[in-house]
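This report concerns only the one structure given below.
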Amino acid sequence: MLTLSIIDSLSLPGSEGRPNEDQMGWTAQCAFVIDGATGLGPDFVVGRHDSDAAWLATFAKVHFEEMIAPGRSMVDVVRSTNALARRIIAFAAKEREIPAWNLPIAGFQMIRIENSAIVTYGLGDCTLIVCDGNGETAIHSAMPDNAAHEREAARRVIEEAGGLDMLPRLIDDPALLARERALRGKFNSSASNVWTLGSTSEAADHLLTARLDGGMPLTGLLCTDGFAALSAGYGIYEPRDFVAAARRDGLKRLGARLRDIERHEDPDGRIYPRMKPSDDATAVLFEIRDASE
């Protein structure tokens, strides 16, 4: 019999002046992180939590914890989550036509025990790093190259602007805002390979799914991209060392290291290029053991 234990968890807002648009959760059979994408519109669609992204992340967390049960597939859970979210969004819109770029979206990554199997599921750019009992390390994400692409894009715009604090806000740069809206407007359609939680039921058909077959015990770290930056973005830790540091030092200490880099070591983003001073950062550290061994 496989058992899941939560060792530690942490969720930090990127800014004290904005809602935390991340979420995390777990049941006896699963653990997950959710990363809501900050909206690109002038106002809210749903209008709860002062952020459509925060609303969707919270909604998905509650729905996951209620709907995930033995025998129910994650395809079904994601499809029902998005279908219900779509109905809520349509009701809140009050017959307004909401452009695709303004619809709430979120990514997630999950570890789940399914009978004698361990499976990870994901949409978007959250990450699972898992170390097995044989010393092997694996990384799972639906968008595995996203951190590298964002880092290179950030490097270019920071050089052009003269520093991270000189980057224009989207709302102050109509051309940049238009580009971001055009890109996001293609999500959850055949025009893009990016599928998310949100209002598109078909996203369930595009879940990243991988079975984990390593030796017991498994120790893993589920991260939103803001926390995964310590490894994937800033290169402070190799993946296996990242999990080991989380277990040895605790997530609170790693979170403090993350914010120290962003606020004191590299506030201008020249050493560790990024698009914003700090992002919401969430992580869940877990262990899975075979109780029969």
Side-chain angles (χ1 to χ4, degrees), residues 6-14 20-24 31-35 37 106-111 120-155 158 164 208 210 212 214 217-288:
I6 305 301
I7 300 170
D8 199 359
S9 63
L10 180 76
S11 190
L12 301 173
N20 187 343
E21 294 170 336
D22 286 356
Q23 274 290 354
M24 59 183 171
F32 55 86
V33 293
I34 301 172
D35 185 353
F108 83 97
Q109 194 71 37
M110 175 183 291
I111 190 81
T120 185
Y121 298 96
L123 292 170
D125 61 357
C126 297
T127 299
L128 165 67
I129 306 172
V130 62
C131 303
D132 68 23
N134 297 327
E136 299 296 322
T137 301
I139 304 170
H140 299 273
S141 174
M143 298 175 66
D145 300 323
N146 195 60
H149 292 323
E150 286 199 351
R151 184 169 60 249
E152 183 54 36
R155 188 188 310 279
I158 287 171
L164 184 59
L208 165 86
L212 309 183
L218 296 181
T219 303
L221 188 62
L222 290 157
C223 312
T224 60
D225 63 335
F227 196 89
L230 277 170
S231 179
Y234 307 160
I236 304 301
Y237 298 100
E238 292 298 319
R240 185 171 188 83
D241 296 335
F242 194 22
V243 177
R247 181 144 199 176
R248 180 185 65 246
D249 301 331
L251 294 177
K252 184 177 180 180
R253 185 168 178 179
L254 293 191
R257 176 77 175 106
L258 175 71
R259 293 299 187 241
D260 186 63
I261 289 170
E262 295 167 341
R263 295 172 181 171
H264 303 292
E265 292 183 25
D266 185 37
D268 284 340
R270 295 183 182 275
I271 302 172
Y272 306 113
R274 54 197 186 276
M275 289 297 193
K276 59 180 74 171
S278 293
D279 197 2
D280 301 333
T282 298
V284 176
L285 180 67
F286 67 87
E287 181 181 75
I288 296 177

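- Between the side chain of Asp125 and the backbone N or O of Asp225, no donor-acceptor pair lies under 3.5 Å.
- Under a 3.5 Å cut-off, the side chain of Arg263 and the backbone N or O of Pro277 do not form any donor-acceptor pair.
- Shown here for Arg259 and Gly14, the closest heavy-atom pair between the two residues is NH2-CA, 3.7 Å.
- By the 4.5 Å heavy-atom criterion applied to side chains, Leu230 and Leu254 are counted as neighbours.
- Ala281 and Leu258 make their closest contact through CB-CD2, 3.7 Å (heavy atoms, listed as atom of the first residue, atom of the second, distance).
- When atom types are taken as modelled, the side chain of Arg155 and the backbone of Ile158 share no donor-acceptor pair closer than 3.5 angstrom.
- Rounding to the nearest 0.5 angstrom, the gap separating the CD atom in Glu287 from the CG atom in Asp8 is 13.0 Å.
- Under the 3.5 Å distance criterion, the side-chain polar atoms of Gln109 are left unmatched by any main-chain donor or acceptor of Phe32.
- Gly135 approaches Arg240 most closely through the heavy-atom pair O-NH1, 3.4 Å.
- With Leu221 as reference, Leu251 is the one residue of Leu251, Thr127, Leu128 to meet the side-chain contact (heavy atoms from CB on, under 4.5 Å) rule.
- Atom CG of Asp132 and atom CG of Leu212 lie 9.0 Å apart (nearest 0.5 Å).
- At distances below 3.5 Å, at least one donor-acceptor pair connects side-chain atoms of Ser141 with backbone N or O atoms of Cys126.
- Put simply, the side chain of Ser231 gets close to the backbone of Tyr237: a donor and an acceptor are under 3.5 Å apart.
- You'll find the side chain of Asp279 stays beyond 4.5 Å of the side chain of Thr224, heavy atoms only.
- Between Ala31 and Leu222, the shortest heavy-atom distance links the atoms O-CD1, 3.4 Å.
- For the atom pair CG of Leu12 and CZ of Phe227, the computed distance is 7.5 Å after rounding to the nearest 0.5 Å.
- In this structure, a donor-acceptor pair under 3.5 Å is absent between the side chains of Tyr272 and Glu265.
- The shortest side-chain heavy-atom distance between Thr137 and Ile129 falls under the 4.5 Å cut-off.
- We find the CD1-CE distance between Ile34 and Met110 to be 7.5 Å, quoted to the nearest 0.5 Å.
- Rounding to the nearest 0.5 Å places CG of Leu10 at 10.5 Å from CG of Asp22.
- A donor-acceptor contact shorter than 3.5 Å links the side chain of Arg274 to the backbone of Glu262.
- Taking both residues in full, the closest heavy atoms of Ala142 and Gly122 are given as CB-O, 3.9 Å, listed atom of the first, atom of the second, then distance.
- With rounding to the nearest 0.5 Å, the separation of CG in Asp35 from SG in Cys223 is 11.0 Å.
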Quick one: do Ser11 and Asn20 satisfy side-chain hydrogen bond (donor to acceptor under 3.5 Å, both in side chains)? Show the steps, please.
-> CA-CA 8 Å; Ser11 190; Asn20 187 343; 3.0 Å; yes
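- Looking at Thr282 and Gln23, their side chains never come closer than 4.5 Å, going by heavy atoms from C-beta outward.
- Using a 4.5 Å heavy-atom threshold, the side chains of Thr219 and Leu285 count as touching.
- Two residues are said to be in side-chain contact when any heavy atoms from C-beta on lie closer than 4.5 Å; Ile236 and Ile261 meet this criterion.
- By the 4.0 Å N-to-carboxylate-O rule, Glu150 lies too far from Lys276 to be salt-bridged with it.
- The two residues Gly214 and Asn134 have their closest heavy-atom pair at C-ND2, 4.4 Å.
- Side chain of Asp241 to main chain of Ala245: no donor-acceptor pair is present (N/O by atom type, distance under 3.5 Å, no hydrogens or angles).
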